[in-house]
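Let me begin by presenting the structure, written as structure tokens, before commenting on it.
Keep in mind it's a predicted model, so treat the numbers as computed, not measured. Below, read A as the first sequence line, B as the second, and so on, with proteins coming before strands; counting in each chain starts at 1.
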Protein chains: 2
Amino acid sequence: MSAPKLLLVEDDMALAELLEYRFENEGYDVRVTADGEEAMVMAAENAPDLVILDWMIEGISGIEVCRRLRRNKETAHVPIIMLTAREGEDDRVRGLETGADDYVTKPFSPRELLARVAAVLRRVRPALAGEAIEAGDLRLDPVAHRVERRGRQLQIGPTEYRLIKFFIEHPRRVFSRNQLLDAVWGNGSEIEERTVDVHIRRLRKAIAIDNARDPIRTVRSAGYALEPV
Amino acid sequence: MSAPKLLLVEDDMALAELLEYRFENEGYDVRVTADGEEAMVMAAENAPDLVILDWMIEGISGIEVCRRLRRNKETAHVPIIMLTAREGEDDRVRGLETGADDYVTKPFSPRELLARVAAVLRRVRPALAGEAIEAGDLRLDPVAHRVERRGRQLQIGPTEYRLIKFFIEHPRRVFSRNQLLDAVWGNGSEIEERTVDVHIRRLRKAIAIDNARDPIRTVRSAGYALEPV
DNA sequence: ACAATTCTGACGCAAATTTGACATATGACA
DNA sequence: TGTCATATGTCAAATTTGCGTCAGAATTGT
């Protein structure tokens with residue numbers, strides 16, 4: 001459910017299968033393709049959390065895939081790890097320039113790649129790496145599916161959980177009700193805008209504790225934001 | 001019964017016998033073969049818990065055996081320890097690249113290998129190392145195949161045993177019904193998701209004792225987790 | 001004070017979980 | 001081999017929990 005989704009673009013089938021097994025064993029949700037064009041389609045459909053991209057693949061080159069991913073608004077921020085057989089400084093630089101977040105030089109051990117993936121995810125989206133995320137006195141443990149405030153467990157429903165998780169991942173930023181509907185409820189949800197208010201209220205009630213101040217700020221005619229202490 | 005099953009692939013007969021003796025003495029269930037092809041067959045039939053693999057063996061090479069083991073879904077997750085006479089970094093990397101979990105360089109003392117085996121087993125599946133595992137007031141003895149709570153034996157069925165064993169090995173973590181099906185029932189089991197609920201209920205009934213609190217947490221729309229006291 | 005916006009409590013519905021029951025499968029033992 | 005006891009997977013009813021909507025009350029900005 002909350003397994004990080006990887007997209008592996010690799011045309012060495014033996015390597016691809018090996019990696020697929022290892023990553024699935026570590027709890028990732030892996031899709032594989034050998035083709036650059038197909039990779040674009042899969043990235044658009046599946047919204048992966050991270051892309052592992054071989055430099056040399058059939059069809060359009062890895063670097064071109066990288067560029068196109070960055071150009072598309074949907075996938076612009078997806079972290080990318082490049083696999084490259086070359087060791088030249090040029091390629092390395094070009095890879096990072098094009099927007100790759102990290103690169104691994106062949107030959108490499110799956111363990112090393114696993115470590116890099118975990119590191120990048122931890123940096124970009126800690127919750128996906130299974131790490132607890134926090135904002136102010138709020139702390140959310142994605143593995144245990146729990147939220148606590150000042151060490152005390154909060155009793156919280158599924159929707160409120162997703163809502164506060166989103167807020168903690170993007171603190172201080174104001175989101176309109178529609179943005180929240182997209183992010184928390186999923187795209188194209190046909191839900192009344194006002195419903196967000198109700199869930200904000202439920203969330204406020206759930207995190208109210210020790211009569212501490214309410215960290216959720218209402219921005220009139222704009223939306224809501226989480227203001228950590 | 002629950003002795004860890006080792007598969008030793010080694011063509012130096014003297015060494016093989018020595019190791020076999022030592023490991024059996026330590027309570028392992030050891031099979032030996034000198035041939036790579038045969039090793040594949042034995043691995044498929046016997047489902048070993050760990051494979052000790054000599055780099056240089058007759059027939060297909062050790063590294064090839066390693067690759068094939070990984071490729072086969074049945075044996076993809078079996079930990080592998082490589083034995084190698086070489087010390088070059090290249091081989092080391094190539095061994096790990098193929099998916100070995102550890103390697104030992106010849107010459108080595110049997111004691112060292114024993115330690116590595118125990119370490120790998122402990123890391124991968126603590127229960128296989130023969131150690132009792134516990135979480136809160138629950139205690140599971142993998143050797144005796146029993147579970148007790150506060151010193152009292154629990155009467156528990158096979159499926160519930162595997163279920164709670166998995167939970168104790170991964171406490172506090174939430175698992176979806178599908179993850180539990182994969183982990184407890186085995187890969188690709190075509191079992192109804194709702195069946196998990198029933199076994200959770202049976203497990204709850206089995207571990208209910210002294211009207212102690214139920215340590216299994218239901219996480220609505222996510223799955224279940226074990227919350228040790 | 002007025003209009004726009006947000007908050008709040010209530011309510012019916014829907015979805016998810018729990019529970020009891022049942023038919024079948026499995027294994028031990030005579 | 002047949003019998004008995006236990007275990008297993010599925011189903012449907014019962015129950016719990018959460019969700020989305022509404023409308024009146026309260027608040028905010030001008």
Checklist entry - Given that B/Q155 and A/R220 both sit by DNA chain D, which one's nearest nucleotide is further toward the 5' end? => result B/Q155
Checklist outcome for this item: The bend of the helix from C/dA1-D/dT30 to C/dA30-D/dT1, taken between the axes of its five terminal pairs at each end and rounded to 10°, is 40°
Checklist entry - Using the ring of each side chain (for Trp, its six-membered ring), is B/Y161 parallel, tilted or perpendicular to B/H145, with breaks at 30° and 60°? => result parallel
Next on the checklist: Does atom CZ (B/R213) have a neighbourhood of more than 12 heavy atoms from anything else shown, all under 6.0 Å?
Outcome noted: yes
Item to check | N/O donor-acceptor pair under 3.5 Å between A/R146 side chain and A/D141 backbone | outcome: no
Checklist entry - Taking all non-hydrogen atoms of both residues, which atom of B/E134 and which atom of B/I168 are closest, and how far apart? => result C-CG2, 3.8 Å
Checklist entry - Can a side chain N or O of B/W185 be found less than 4.0 Å away from OP1 or OP2 on D/dT8? => result no
Next on the checklist: For a quick test of reading the model: is some side-chain N or O of A/T218 closer than 4.0 Å to OP1 or OP2 of C/dC7?
Outcome noted: yes
Checklist entry - Rounded to whole angstroms, how far apart are CD1 on B/I216 and C1' on C/dT17? => result 14 Å
Item to check | Min side-chain heavy-atom separation A/R201-A/D197 under 4.5 Å | outcome: no
Item to check | A/F23 side chain reached by A/D29 side chain, heavy atoms, under 4.5 Å | outcome: no
Item to check | Protein-nucleotide distance (A/E193, atom CD; C/dA4, atom P), rounded to Å | outcome: 16 Å
Checklist outcome for this item: Within residues 159-179 of chain A, those residues having any heavy atom closer than 4.0 Å to DNA chain D are A/T159, A/E160
Next on the checklist: Quick check: do A/L83 and A/L53 have side-chain heavy atoms less than 4.5 Å from each other?
Outcome noted: no
Item to check | Separation of atom CD1 in A/I191 from atom P in D/dC22, rounded to whole Å | outcome: 13 Å
Checklist entry - Would you find a donor on one side and an acceptor on the other, under 3.5 Å apart, between the side chain of B/S176 and the backbone of B/Q179? => result yes
Next on the checklist: Check this one for me: any side-chain N or O of A/R204 less than 4.0 Å away from OP1 or OP2 of C/dC7?
Outcome noted: yes
Item to check | A/R217 bridged to A/E227 by N-O distance under 4.0 Å | outcome: yes
Checklist entry - Okay, side chain of B/D210, backbone of B/A212: is any donor-acceptor separation there less than 3.5 Å? => result no
Item to check | Any N/O donor-acceptor pair, A/R202 side-chain to D/dG20 base, under 3.5 Å | outcome: yes
Checklist entry - Checking side chain to side chain contact (heavy atoms under 4.5 Å, CB included) against B/V32, which of B/L8, B/I52, B/V9 comes through? => result B/L8
Item to check | Members of residues 194-201 of chain B that approach DNA chain D, where some heavy atom sits under 4.0 Å away | outcome: B/T195, B/V198, B/H199
